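What follows is a set of notes on a single structure, which appears directly below.
In this text, all values refer to a predicted model and were calculated from it rather than measured experimentally. In listed order, ligands and their atoms are each counted from 1.
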Amino acid sequence: MAPSPSMDSKSWDVISFAVDKGHGVKGLADLGLETLPKQYIQPPEEKITNSTVVTDDSIPVIDLSNWTDPKVAEQICHAAEKWGFFQIVNHGIPIEVLEDVKEATRRFFDSPAEQKNKHSKDNSPTNNVRYGTSFTPKAEKALEWKDFLSLFYASDDEAAAQWPSACRNEALDFMKKSEFVIRRLMEALMKGLNVKEIDGTKESLLMGSKRINLNYYPKCPEPELTVGVGRHSDVSTLTILLQDDIGGLYVKKLDSDSWVHVPPINGAIVINVGDALQILSNGRYKSIEHRVIANGIKNRVSVPIFVNPRPSDAIGPLPEVLEGGEKPIYKKVLYSDYVKHFFRKAHDGKETVDFAKI
Ligand SMILES: CC(C)(COP(=O)(O)OP(=O)(O)OC[C@H]1O[C@@H](n2cnc3c(N)ncnc32)[C@H](O)[C@@H]1OP(=O)(O)O)[C@@H](O)C(=O)NCCC(=O)NCCSC(=O)/C=C/c1ccc(O)c(O)c1
Ligand SMILES: O=C(O)CCC(=O)C(=O)O
Ligand SMILES: [Fe+2]
C-alpha cells in the first residue's frame, strides 16, 4: 500500500519504504507525516535533557591564521587532550569550497529515490560508494533520523568513474583543499607526543585512507522522540566536520555526564579526535562521544571527512609514547577488524574502543 500523510505507520511497511526502496528519512519527511513512525522512537534515556546540557562552557575555537606560532600547536594538543573536539577558524580552506559541498549535498539528497538508491549497499557496483539511511538498520532496535552517502577515496580515476555526479567534484574538492590543514594538525599533535617526524609508516597510520560522508537530516515530525545520530565516537584518527547553520551537534564533556552544544560558526570547521588516534596516543588524545538531535524546523546537512589509518594497518600505542615507560592500555589491532566491529552494531557510545583494550 502506498503511504499517505494521514496513515499511521502500522498500516504500511516503513522499513521497506525508507530502507529497502531507498526513500530514506527524506522520503518519509516529504510525505508530510504528522507523527513519527514507531521504528524511529528511541528509548527515553537517549533523550537529551536540559539537566544534562551545560551552557556555560564550550569546545575551544582555535585561530589558525598563524600556524608557525608555537602557541597554536599547544592549543591544538591541549584541546585534543581535554575536549577531543575543537573548532578551527582562518584555516585557509576557501569559503566557496565549503558552501559548494553543502550545496552539492542538498542536490544529491533532493534527487529522486531511484537515482540515490543506485548507490545502496545492494545496488552499488562498488563497496566504496554507499547510500543509506540510519546507521546499521539491520542491527538497530530503533532507527536514526538521517540519510547518508559515504564515499571511500581510492583514487581520482575511481572517484570520477563511481562517485555520483551530483556531488563528486565538490566532495573531492573539499577533500583536497583540506589536506594541508589535516597535515598541519597532525604535525602539531605528533609534536605533543614526542614524534619528531611523520615518516611513511606514520603517514599511513595517521592519514593513510579517507572517507567523506554527506549527511542529510530532514525536518522531523516529533523530533524529541528520536535522534539524528545516536551517541558514538568516530573510529577515525581525526574527523574534519563541516556543519551548516542549523546546529544540533552535542559533545560529551570529558569525565562527566554533561553535554555541550557545538554552535555553528560561519566558515569554521569542527575537528575531533577519533578512536584510532586515542589508541595510537595510548589514551592521551580523547575520542569523545557525540550525538546529533533531530529537529522539527529545518533540514540540516553535515559533511565529515574521516581521516583514517589504511585498512591493512595494525594500530596500537606509538613507540614514542611508551618510550618513558608508560604502560600500554591498548593492544595492536588490525584497523579493518576494528572498523568492521564498529559497523556491525548500532551506535553504542564509547563501547567500540573496548575492542582494543588490553
Ligand atoms: C569498512 C570495511 C572494513 C567494511 O569491510 P567489508 O568486509 O567490505 O564489509 P561490508 O560488507 O562492506 O561491511 C560490513 C558491514 O558494515 C557496514 N558498512 C560498511 N561501510 C559502511 C558505511 N560507510 N556506513 C555505514 N555502514 C557501513 C555494512 O553495511 C555491513 O553491514 P551489513 O550490511 O552486512 O549488516 C572496509 O570497507 C574497509 O576496510 N574500509 C576502509 C576503512 C574505513 O572505511 N574506515 C571507516 C572510517 S569511517 C568513520 O570513521 C566513521 C564512519 C561513520 C559513519 C556513519 C556514522 O553515523 C558515524 O557515526 C560514523
Ligand atoms: O552531523 C554532525 O554534526 C555529526 C555527524 C557525526 O557525528 C558522524 O557522521 O560521525
Ligand atoms: Fe561522529
Side-chain angles (χ1 to χ4, degrees), residues 24-26 42 46 48 53 58-59 80 83-88 98 101-102 105-106 108-109 130-137 140 143-152 167 171 174-175 178 210-220 223 226-252 259-266 268-278 285-295 298-308 338-339 342-343 345-353:
V25 283
K26 167 86 165 60
Q42 294 283 336
E46 292 307 321
I48 198 156
V53 173
S58 59
I59 65 168
W83 284 95
F85 260 86
F86 50 99
Q87 304 212 52
I88 54 172
L98 308 182
V101 73
K102 285 186 278 185
T105 302
R106 295 183 195 104
F108 175 79
F109 287 99
R130 179 164 305 183
Y131 161 72
T133 188
S134 190
F135 178 60
T136 47
E140 289 164 335
L143 301 188
E144 301 181 346
W145 194 261
K146 180 192 87 169
D147 296 335
F148 69 89
L149 176 70
S150 188
L151 304 167
F152 182 76
C167 55
F174 180 35
M175 275 184 100
S178 63
K210 283 195 196 125
R211 179 182 288 280
I212 182 166
N213 277 14
L214 311 187
N215 292 328
Y216 191 86
Y217 307 88
K219 198 168 111 166
C220 176
T226 189
V227 296
V229 179
R231 290 178 299 109
H232 71 285
S233 61
D234 294 347
V235 292
S236 50
T237 51
L238 276 188
T239 303
I240 314 299
L241 172 75
L242 174 66
Q243 62 167 339
D244 67 11
D245 56 356
I246 310 295
L249 169 63
Y250 287 82
V251 169
K252 199 166 184 196
W259 295 78
V260 294
H261 185 234
V262 179
I265 301 175
N266 193 24
I269 290 177
V270 180
I271 306 291
N272 64 283
V273 172
D275 295 352
L277 186 55
Q278 176 168 317
Y285 298 139
K286 308 294 189 306
S287 172
I288 290 289
E289 252 181 270
H290 52 286
R291 51 160 87 174
V292 178
I293 60 167
N295 88 76
K298 276 187 161 175
N299 305 324
R300 175 177 187 266
V301 298
S302 73
V303 186
I305 299 175
F306 301 104
V307 182
N308 309 306
Y338 191 85
V339 175
F342 173 70
F343 280 139
K345 55 190 178 40
H347 279 138
D348 57 0
K350 283 286 298 172
E351 300 300 310
T352 316
V353 80

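- Around the Fe ion (ligand 3), the angle linking H290 (NE2) with H232 (NE2) is 90°, rounded to 10 degrees.
- Contact annotation: H290 has at least one heavy atom less than 4.0 Å from an atom of ligand 2.
- The side chain of D234, and not its backbone, has at least one atom closer than 4.0 Å to an atom of ligand 2 (non-hydrogen atoms only; side chain from C-beta on).
- Residue-ligand proximity: N213 is placed with every non-hydrogen atom at 4.0 Å or more from ligand 2.
- Judged purely by distance below 3.5 Å, without hydrogens or angles, the side chains of E140 and S134 pair a donor atom with an acceptor atom.
- At a cut-off of 3.5 Å, with distance as the only test, a side-chain donor of D275 or S233 sits close to an acceptor on the other residue.
- Under the 30°/60° scheme for interplanar angles, the aromatic rings of Y131 and F109 are found to be tilted.
- In plain terms, the two heavy atoms of V273 and Q278 that are nearest each other are CG1-N, 4.2 Å.
- For F85 and H290, the distance between ring centers is under 6.0 angstrom.
- Between R300 and ligand 2, at least one pair of N/O atoms sits closer than 3.5 Å.
- Near P304, with a cut-off below 4.0 Å to any heavy atom, the atoms of ligand 2 are 9 (O).
- With a 4.0 Å heavy-atom cut-off, ligand 2 is reached by no atom of Y250.
- Residues N299 and Y216 bring a donor and an acceptor atom of their side chains to less than 3.5 Å of each other.
- Heavy atoms of F148 come nearer than 4.0 angstrom to ligand 2 in no pair at all.
- The atoms of ligand 2 that sit less than 4.0 Å from any heavy atom of V292 are 1 (O), 2 (C), 3 (O), 4 (C).
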**OP:** Apply side-chain hydrogen bond (donor to acceptor under 3.5 Å, both in side chains) to N272 and D234, showing your working.
**Re:** CA-CA 8 Å; N272 64 283; D234 294 347; 3.2 Å; yes
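- Taking every non-hydrogen atom of N215 and a distance limit under 4.0 Å, the qualifying atoms of ligand 2 come out as 5 (C), 9 (O).
- Nearest heavy-atom pair, L242 versus A268, reported as atom, atom and distance to 0.1 Å: CD1-O, 4.3 Å.
- Residue contacts with ligand 2, taken as heavy atom pairs separated by less than 4.0 Å, do not involve V262 at all.
- The atom of D234 nearest to the Fe ion (ligand 3) is OD1, with the search restricted to N, O or S atoms.
- In this structure, H232 counts as a contact residue of ligand 2, since one of its heavy atoms falls inside 4.0 Å of the ligand.
- Side-chain N/O atoms of K345 and T352 include a donor and acceptor closer than 3.5 Å.
- On a distance-only criterion, Y217 and ligand 2 share at least one N/O pair closer than 3.5 Å.
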